[in-house]
Structures are given as structure tokens and as C-alpha cells.
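Just below is one structure, and these are the notes that go with it.
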Amino acid sequence: MAAFALLVVAAPASADTGDEVPVGTRLAARTHPAVQLTSITYSGEVVVPSSQAKQAAWDQLTTEATQAVLAGKIPSDERSIAKFLFQRVAADVDRYLQPVGPERTVKAQVGGMCTGWWVTPDGYMVTGAHCVQMSDEELSQTFAQQALEKFNKQDAKDMINALRNFEADKEMIELVQQIYVTFNSTHLEIRGLQKSLSVLQSLPGGGVDKTAKEVPAELVSVGESYPGKDFALLKVNGQQNLPTVPLGDDADVQTGDTLYISGFPGLVTNTPWFSVESKLDPALTEGPYNAKRTTQEGVPYIQTQAPSYHGNSGGPVFSRAGKVVGMLIAGTVSENGEASENESFVLPVSIIKEKLNEKNVKPAASLTTTKYNEALDDFFQRHYKDALPKFREVQALFPSHPYVAKYITDSQQAISSGKDETPQPMWLWIAIGAGVLIVVGGGLLLLVLMRRRKKAPSSPQDQSPSPAYGGPYPGINGGGYPAQVGGGYDRQPVNGQVLPQGWQPQSLPPANGHQPGRTAGGYEAPRPRDYDSQLPGGGYDPQRPDGATQYVRPAPSPYGQQRPQATPGQGPADSNAPDVADLEREIAELRRQLQHRPPEA
């Protein structure tokens, strides 16, 4: 038990003994590899007509300006009159301007960026519907903003110059440009329009840096833009072992729970101040679940205070457990059109599952993600030696993994600097415990044997008599014979009975009512054929090769006296001869006494 207790105490605990890793840190590490920047691009030839003033409308407008001056409604200086005219035209452009030739054309390309995330290892990605398509009105506005800036500036300059000797300030220039922004965007025509969708991926081994490239994506399914079911499904072909994120359930979160939004805010991706590397790293924001809303179309949405921006659209929203509970779709917009970070709206995961089922797409965790998460668990517990081979396995499964190379480097540096806290394998602790048990058990066994040896008798007098070699044999009248060399003397049955040790027989009952070997009066022991009473030594001829044992009546002798010791120089054969003779004489005497015992009545 002591060894077992030692084993239990010595084995290290498997729980992390270091500082607790924040939920957001662990969640971002696990999910960011599956969150990608998506891009939608429209390209084509933009055609806009030239403009010409409608003379009648301009004449009437000039008259109105003169009357306003005479009535004192506006100052009479040239700048005030020009400002009055341009404000009236900007309020109703098509009343004062008309399209004419020649047409002006420019090749243009416009688009936007959103967030998407992998749901299967073979390339299915979820994002928002408004991230993959634009209405005609939205498309014209986007082209007008990004492709017509040159035309707008030139048209405004021509109108100001037509006023002759008019010195326009910045306010006046912006007012005139707004007139042509409206006119050109209204009469814009797009020819040869093409749309492409892509996912921004890194090259093998490149990580999240300037080597990232756009990979074409196919639009599989698209729903209705917000406030409808704002969902889209993309497919990137030729993919395997992609990192994925798991889907949860609507019931996983409720009012008051913290939600986590992952994505690419446009205020970072569209700014020239940040490096390409940092632009391609998702941002994680968090905030409380405020309420559940329903649009007029009957579509449920979650309201949350987790901050979001343009570009976050389509990004996954996670619960504390790291499972997707929704997708970011929209945010509130201020009066001047700027996005507000105070409120965001999330499409619940139940709608996402519904749309995936319509296309028979089954979300699945990839082996890359499983191994990566195992490696992260070890990494955050400072078990760098355990984490390192797992990170390398992830790199072999998915060479384009954007973060695993850095974790490999960090793990190697931590090991080199002595920060590793990887516990010894369990089999080693079992082997150590078994060794301790063996040592302790062996020591206890040795102690028991030593104690038994100390209690053992120290002299032969304490031992019971035994007929074995080396011990005395109890003879007649309590005497004893010296032990027979090479063997002992076993008790022989007499007339079918065994005599107890130390008992001197006087008589035995005859077998079957008579004494065998006699015709009358008594029992006479049969003599062997080689017996001769005239021979010296009591009738035994030691020269006969087949001679039987000689039986003689021995003279009284002190039974039990010690056998004479052999004198120096005598061999073992000299000391053994008297022992055999004495034994034979005792047997003969015993048989003689049995023969002369009178029969019992």
C-alpha cells in the first residue's frame, strides 16, 4: 500500500497548472484557420453620355434667380447667384440636363470583400447572400463611385468654365461635381458585365502574407439579401483537408450570453496603412446577446452588441464553446451612412443548416482540424514536446495552413528555452510504480525469512527422533541403535501389526488360531538353507556369495551408546561394518522373542 500511495503521488496531474487561457484566445486559435477573406468582382465597359443643358429650363431658372435678387432673397454678387443656380439644378438634374453624344466609355472593375468560412474539408464555404451578388441599383452606384470619378470631375470643370470669369471655391466645385455624379450614374450603361467570386488563400508554406492568392469559387446556392435569409454557399474545387468549424444549435445561446464574431473589417482591409500580412488576419470581437428579433418577412435574427464593420459580413458567430451559432449579416447605420458598431444582426445557425440540407451538404470536421485542436490543447498547457509532432502532422495534412508554421517555431523555441512542461508518459510512471512494488515486496520477504531463521532450534536435542540417516533409532527397552550408514531402519510389521517405537513385544496372537512353522508347542523360526551351526561366527558363512543374513542371539549390550569414532587413518568402510552387524543381531533377537511368546487364551 505504501508503494501504491507513492505511485499516485508521483504521477503528475493532467490538468493545466499554468495560467488560464482566455476563452477568446483559445477560440480564435481554433477557428481562425477556417475563416477566409472572400472577394466579389464585377468587370465590364462603362458607357456614359455627354450632357447638354435644356435651354428652356435654364432660361426659366435664370429668370427665377433675377427675381430672387430683386426681392432681396439672395445677395446680388455673382457667387451667390451661381450658388442659387447650382443648388436648383442638383435638386432636379434631369430637368435641366439631357444626355447627348458622343458616348464616353471606360473599362472598369469594381467589387467588395466579405468573410466566409469552411464547413467541409473538400471546399464548401458559407457566407452572406449580399456578399456574392449585387442588385442593378447597387451595381450602378458602385460603378459610378469607383469608375466615373474621372468623368465627374471633368464635367464639373466644364460647367464652371462656361460661366466665364467665375472664381469657384471648394464648396462650389463639390456642388457642381455632385450634379454630374447624379447625372452620370443615372445614365450609366454597363456592357460586357462579368462577375467572379474568389477566396483569398495562402500559397503552400506561405502563411498569411503577401504570397496569398485568389482562388476561384463557384456559387452553389444563394438566398435573399437582408432582411431575408441572407445566405450563400460557395464551392472551391480541388480542396482537401481544409480546416473547418463546427456548427452548434440555436439553443446553445440565449439572452445575456457572450457572442464572438470573427471576420475581416473593411476599415482594415481597405486602408493603405496596414501591411498585407495584417490585413489577412481575422479580427475577433465579442459582446452580449441582446435579443431575438424577427423581420417583416418572418426571418429570425439575433441582436448583439458585439462590434462589427463592413467586411465582417458573412463571418461566423461563435458561442463560448467554440461552435457556430449564427452568421453576421448586418449592422446599424448612422444618418450619414456610416456603420455603427453598437448593434449587429446575426442570422441563426438553424437557417444555415436548413440551407445546407437543401443542397445535401453535410458539415464535417476535417482531420486537419482535429489534429490541430489537439496540438493547441497541448500548446496552451505548455506541453510543447507533445504539441510539436502534432503540429508537424497538421502541416503534412494541409501544407497551406496559415498558422501552423508559426506554432511549430514557437514550440521549438519554448523547448529550447526550457519552458516545456510535458509530463512523463503514463507507462513510465506505471513501470516506476511496479519497480517500487517489487523492491518493497522483496525487502519484506527477506525480512520474514531472516526472522524465521532466528527462531529455528540451535541443537539436535530439541528435535524429535527420526529414523532417517544421522538420527538415533529407538530400540528395545528404550535403547537405541546407531544410525545405519546410507539408510535408516523402518518399522517392520510383525504378524500383520506394526510395532510402535520403543515398545518391547512379549507375545503376539497367532495368525488364524495357530502358530505357523511349528507342529506343536511353539514357533520356530525357519532357518535359511545356508545356515550351519558348526561354522564360526554363529552359522553364517561370509564366503557364500548368496548367503543369507546370519541371526544370532546377541550378548547384552548398552543400546543407545554412541557409535565408536573412526580412528585417524581409517576410511568410511571400516566404520560402517559394525553398524550392519549390530542391526542384524537385533533383528534376530526380536524374531527369537516373538517365536517363544506363548499364545493368548
Side-chain angles (χ1 to χ4, degrees), residues 16 18 21-22 24-39 113 115-123 125 198-215 217 236 238-246 260 262-264 268-269 274-284 315-316 318 322 364-422:
D16 183 16
V21 179
T25 300
R26 188 183 297 273
L27 193 149
R30 283 173 170 260
T31 62
H32 277 181
V35 181
Q36 301 288 311
L37 188 64
T38 66
S39 174
M113 292 185 174
T115 304
W117 36 286
W118 303 113
V119 290
T120 65
D122 58 349
M125 171 176 279
S198 61
V199 176
L200 201 60
Q201 279 189 315
S202 60
L203 293 174
V208 187
D209 58 19
K210 66 182 72 176
T211 64
K213 66 175 182 178
E214 291 185 355
V215 181
V236 178
Q239 304 295 312
Q240 60 180 357
N241 292 329
L242 289 169
T244 57
V245 288
Y260 301 84
S262 180
F264 300 89
V268 173
T269 56
F274 297 109
S275 65
V276 176
E277 294 89 337
S278 62
K279 288 182 179 181
L280 299 182
D281 194 8
L284 186 74
F318 298 98
S366 65
L367 183 59
T368 298
T369 296
T370 301
K371 293 296 182 181
Y372 185 65
N373 290 344
E374 292 176 359
L376 287 176
D377 290 341
D378 290 332
F379 184 87
F380 286 130
Q381 294 183 72
R382 301 188 184 95
H383 300 169
Y384 302 113
K385 289 182 179 179
D386 284 346
L388 186 57
K390 296 176 183 178
F391 282 133
R392 286 174 175 161
E393 185 177 358
V394 172
Q395 192 174 48
L397 288 169
F398 185 56
S400 297
H401 197 288
Y403 303 103
V404 71
K406 186 176 185 303
Y407 278 112
I408 290 176
T409 301
D410 291 346
S411 297
Q412 291 172 333
Q413 292 177 350
I415 294 172
S416 300
S417 59
K419 297 179 180 179
D420 179 66
E421 298 179 8
T422 301

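All of these numbers come straight from a predicted model, not from anything done at the bench.
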d(Q239 CD, D122 CG) to nearest 0.5 Å is 9.0 Å
To the nearest 0.5 angstrom, please state how far the CD atom of Q395 sits from the OG1 atom of T368. 11.5 Å
Quick one: does N241's side chain have a donor or acceptor within less than 3.5 Å of a partner on F398's backbone? no
On a heavy-atom basis, which atom in P246 and which in G322 lie closest, and how many Å separate them? CG-O, 3.8 Å
For V404 versus F391, what's the shortest heavy-atom pair and its separation? CG2-O, 3.2 Å
Any idea how H401 and Y372 line up, ring-wise: parallel (<30°), tilted (30 to 60°), or perpendicular (>60°)? tilted
Applying the side-chain contact (heavy atoms from CB on, under 4.5 Å) test to L397, which of T369, L367, L242 qualifies? L367
I'd like to check K419 versus Y384 (side-chain heavy atoms, cut-off strictly below 4.5 Å). Are they in contact? yes
Considering only NZ, NE, NH1 and NH2 on the basic side and carboxylate oxygens on the acidic side, decide whether D378 and K385 come within less than 4.0 Å. no
What are the two closest heavy atoms between S411 and L388, and how far apart are they? CB-CD1, 4.0 Å
Show your reasoning for whether side-chain contact (heavy atoms from CB on, under 4.5 Å) applies to H32 and L27. CA-CA 8 Å; H32 277 181; L27 193 149; over 6 Å; no
Report the distance from atom OG1 of T38 to atom CD of E214, rounding to the nearest 0.5 Å. 10.0 Å
Short side-chain to backbone donor-acceptor contact, T244 and S366, under 3.5 Å: yes
Give the minimum heavy-atom separation between A387 and A375, together with the two atoms involved. CB-O, 3.6 Å
Only counting residues at least two apart or in another chain, list the ones meeting side chain to side chain contact (heavy atoms under 4.5 Å, CB included) with T409. Q413
What I want to find out is whether R382 reaches D420 closely enough, with some N-O distance under 4.0 Å, to be called a salt bridge. no
What do the steps show when you test V199 against M125 for side-chain contact (heavy atoms from CB on, under 4.5 Å), and what is the final call? CA-CA 9 Å; V199 176; M125 171 176 279; 3.7 Å; yes
Full working for side-chain contact (heavy atoms from CB on, under 4.5 Å) between V215 and S198: CA-CA 5 Å; V215 181; S198 61; 5.9 Å; no
Of all heavy-atom pairs between G315 and T115, which one has the smallest distance, and what is that distance? CA-CG2, 3.6 Å
Can you list every pair that meets salt bridge (Lys or Arg N to Asp or Glu O under 4.0 Å) and has a residue in residues 405-416, with sequence neighbours left out? K406-D410
If you measure from CG on D377 to NZ on K390, what distance do you get to the nearest 0.5 Å? 8.0 Å
Looking only at heavy atoms, what is the nearest atom pair of F264 and Q36, with distance? CE1-C, 3.2 Å
